[in-house]
2 protein chains.
Amino acid sequence: MTLACATCPVRDRAACSVLTEAERDALARAGRTRRLSRGEVLFAAGDADAACATLLDGALKVTHHDADGNERILALIHPAGFTGELFAPFAGHDVVALTDSRLCVFARRDMESALRAHPALAEALLRRSQEDLHAARALLALGSNRSAVAKVGALVLALAEGASDSPCHPAAAFDLPLTRGEMANMLGLTIETVSRALTRLERDGALRRTGSRGIELIDPARLGETI
Amino acid sequence: MTLACATCPVRDRAACSVLTEAERDALARAGRTRRLSRGEVLFAAGDADAACATLLDGALKVTHHDADGNERILALIHPAGFTGELFAPFAGHDVVALTDSRLCVFARRDMESALRAHPALAEALLRRSQEDLHAARALLALGSNRSAVAKVGALVLALAEGASDSPCHPAAAFDLPLTRGEMANMLGLTIETVSRALTRLERDGALRRTGSRGIELIDPARLGETI
DNA sequence: CGTGATCTTGAAAATTTTCAAATAGAGTGG
DNA sequence: CCACTCTATTTGAAAATTTTCAAGATCACG
């Protein structure tokens, strides 16, 4: 499927938004959209022909598997986010859909030549990269919360912000893109502890649960408390 | 002090190494070297005239202070690393010297115009930025180790790699740039737990301590074990 | 050689993990 | 469409780890 930038849900926020319409259309001819359903792999670590992509819809996780086969979640990607190795000769991590997702995919060689042709694109990707760095550091900060409840609260808040259309404001209600096991993995806790923490946050009136994935924020400030 | 790229200890690894000699000298005229001693602040969060810098020598920490005044360490910067906000109008984090350090500092406006003049520099910074991202993700991975001993072991190993001249090989002996409190902060543990973990790693023959900061790696593989 | 700060160590308290089982949800085939 | 099955989630109680609180030891430095 060829690209339809005119209807792109993230055309104002993604890296390619810095291009002129003509430049963007030229890049668009090299790319295509792709749909993934939950669990589908976009890139696998070691792929020699790894591409790169902008996420339009849904959510992705970037993971690494250690020698014992344990999965570690290194990053989450939300709409308008960019993923893919631009310089390494092969993919360093797995990138997997957490929910049904739509992406705009480019071969790395095309993206690299676009970078050379359009300095503004390199700058935009640099900017995005700094945002990724901030996001990674935000995840790091989750680990320094003292209690398990505070860690889970902070993660839920971060997920609410990622799920929101407007940056800087958490979505009032959304579905967790992560299983309890994935949340536990990210926080260095066990599934049971995460579950108990959510139960407690609900009991304390910080949020409400609908089913096992639905979350409604009642008192976002309480979620951020470091206790 | 003006720059002397010819004697720069990281001239083969830093972002500016992609420039031709002439380009680099042009950039060098805009920058200067600076020395910091342990504890000195390079940038403070909120600085309007924040600059950016390449680290030549020593070690830096990037920190954030939350509402309660607690410090969170978001990143460590080792020689050849780059720091500074290129796009935000002011510094987002504090950057502080962990040991006596030397840096190569540029005003942001000069660096931004250099980026526009030299696309290769933008690409090199993008590459560096991706490395920063990998580093941040490596720190994230520390949190997913199950036990406190494994977390501390992994952090010591990461610090040994940062202290090494050759990438990918840990230094056999080095001084910890972090206090116990800073290590505890990064790992979400207490000072006492970090201290006990080091004692145990020494008792188990993974490392040897000299004074409170000196570390000699005896069995690096054991430091990486996730137990 | 003090002096203050950092680091180590010990024992009780608190939190988290582990182990075990019940409940709820999602998907499948009749 | 419903019953069935499999997986994910929740909950409980004991075991293990970590934190807290309290001292003592060591180090850097004037």
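In what follows, every chain begins at residue 1, and chains take the letters A, B, ... in the order their sequences are listed.
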How close or far is atom C1' of C:dA21 from atom CD of A:Glu192, stated in whole angstroms?
12 Å

Does a nitrogen or oxygen in the side chain of B:Arg213 sit under 4.0 Å from OP1 or OP2 of C:dT6?
no

With a 4.0 Å cut-off on heavy atoms, is A:Gly188 in touch with a base, just the backbone sugar-phosphate, or nothing at all?
sugar-phosphate

Counting only heavy atoms not in B:Arg209, do more than 12 fall under 6.0 Å of its CZ?
yes

Could you check whether B:Thr193 gets within reach of a base, just the sugar-phosphate, or nothing at all, counting any heavy atom under 4.0 Å?
base

Can you spot which of B:Arg213, B:Lys61, B:Arg72 makes a salt bridge (charged side-chain N to carboxylate O under 4.0 Å, His left out) with B:Glu182?
B:Lys61

Given side chains that start at C-beta, do those of B:Leu207 and B:Leu223 come closer than 4.5 Å, heavy atoms only?
yes

Have a look at B:Leu189 and say if it touches a base, only the backbone sugar-phosphate, or nothing, with a 4.0 Å heavy-atom cut-off.
sugar-phosphate

Do A:Asn70 and A:His65 come within less than 4.5 Å of each other through their side chains, counting heavy atoms only?
no

Rounded off to whole Å, could you give me the CZ-to-P distance for the A:Arg180 and C:dT23 pair?
18 Å

Centroid separation under 6.0 Å, is that true for the rings of B:His64 and A:His134?
no

Take A:Thr190 and A:Gly211, find for each the nucleotide of DNA chain C with the closest heavy atom, and name the residue whose nucleotide sits nearer the 5' end.
A:Thr190

Going 5' to 3' along DNA chain D, which are the first and last nucleotides with any atom under 4.0 Å from a heavy atom of chain A?
D:dT9 to D:dA13

Using a heavy-atom cut-off of under 4.0 Å over every strand shown, decide if A:Arg209 touches base, sugar-phosphate, or nothing.
sugar-phosphate

Crowded around A:Arg38 CZ? As in, over 12 foreign heavy atoms under 6.0 Å?
yes

Base, sugar-phosphate alone, or nothing: which one does B:Ser195 contact when heavy atoms must sit under 4.0 Å apart?
base

Can a side chain N or O of B:Arg196 be found less than 4.0 Å away from OP1 or OP2 on C:dG10?
no

